[in-house]
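Report on the structure given below.
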Amino acid sequence: RSSSPPLRHPCYFGIDIPQESELIAAGRTVEEIAAYIGVDSLGYLSVTGLGRAIASANGDTELDDVRANASLHSQFCYGCMVKQGWPYDPRAEQENVPFVNINQVRRKREMNVTITK
C-alpha cells in the first residue's frame with residue numbers, strides 16, 4: 001500500500017519528479033500498474049484521503065468528501081497527482097492576487113527574462 005496518491009505528472013514548480021513517460025502511474029489504472037509490476041494487490045491513498053489527512057493534521061477531523069477535496073484544492077498544489085490540482089500559488093493565497101500562468105513563467109525563465117509584477 002502506498003501512503004500517497006499515485007504520481008502521474010511532473011511537477012511544474014521544480015520538485016524533482018520524472019517526466020510522465022517515466023512515471024509508472026501516468027496513463028495507467030491501479031490494476032494496470034499492479035499487473036505491470038507483478039503484484040496481487042496494490043492500493044494508493046486517494047486524493048480525497050490526502051485532503052482528509054492534511055486537514056486532520058491541522059485539527060479538522062470531521063471532513064466529508066466535498067470539504068476534504070475543497071480544503072486540498074484551496075491550499076495545496078497536487079498537480080503531480082491530478083492535473084486539475086495545479087497551479088496552486090501560495091503567494092496568491094497569502095497576497096490575494098490571481099494565479100500565475102505557470103507555462104508563461106516557464107517560457108520567460110527559459111528566455112532569461114525577469115518577471116515583475
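Computed over heavy atoms, backbone and side chain alike; hydrogens, waters and symmetry mates excluded.
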Identify the two heavy atoms, one from [X] and one from [Y], that lie closest to each other, and give their separation to 0.1 Å.
{"X": "Tyr44", "Y": "Ser2", "value": "CD2-CB, 3.5 Å"}
{"X": "Gly49", "Y": "Ser46", "value": "N-OG, 2.8 Å"}
{"X": "Leu7", "Y": "Met81", "value": "CD2-CG, 4.0 Å"}
{"X": "Thr48", "Y": "Asn69", "value": "OG1-OD1, 2.8 Å"}
{"X": "Ala25", "Y": "Arg8", "value": "O-NH1, 2.5 Å"}
{"X": "Ser71", "Y": "Ala55", "value": "OG-CB, 4.5 Å"}

If Ile, Leu, Val, Met, Phe, Trp and Tyr residues are connected whenever their side-chain heavy atoms lie under 4.5 Å apart, and connections chain through other members, are [X] and [Y] in the same group?
{"X": "Leu23", "Y": "Tyr36", "result": "no"}
{"X": "Val39", "Y": "Val30", "result": "yes"}
{"X": "Phe76", "Y": "Ile17", "result": "yes"}

Quick one: OG on Ser41 to CD on Glu31, what's the gap to the nearest 0.5 Å?
->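 Output value for this atom pair is 10.5 Å.
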Heavy-atom side-chain contact between Arg52 and Leu72 under 4.5 Å =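 A side-chain contact is absent here, since even the closest heavy-atom pair is not under 4.5 Å.
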Give the C-alpha distance, both sets of side-chain angles, the deciding distance and a yes or no for side-chain contact (heavy atoms from CB on, under 4.5 Å) between Arg1 and Leu45.
-> CA-CA 8 Å; Arg1 299 291 180 243; Leu45 180 66; over 6 Å; no
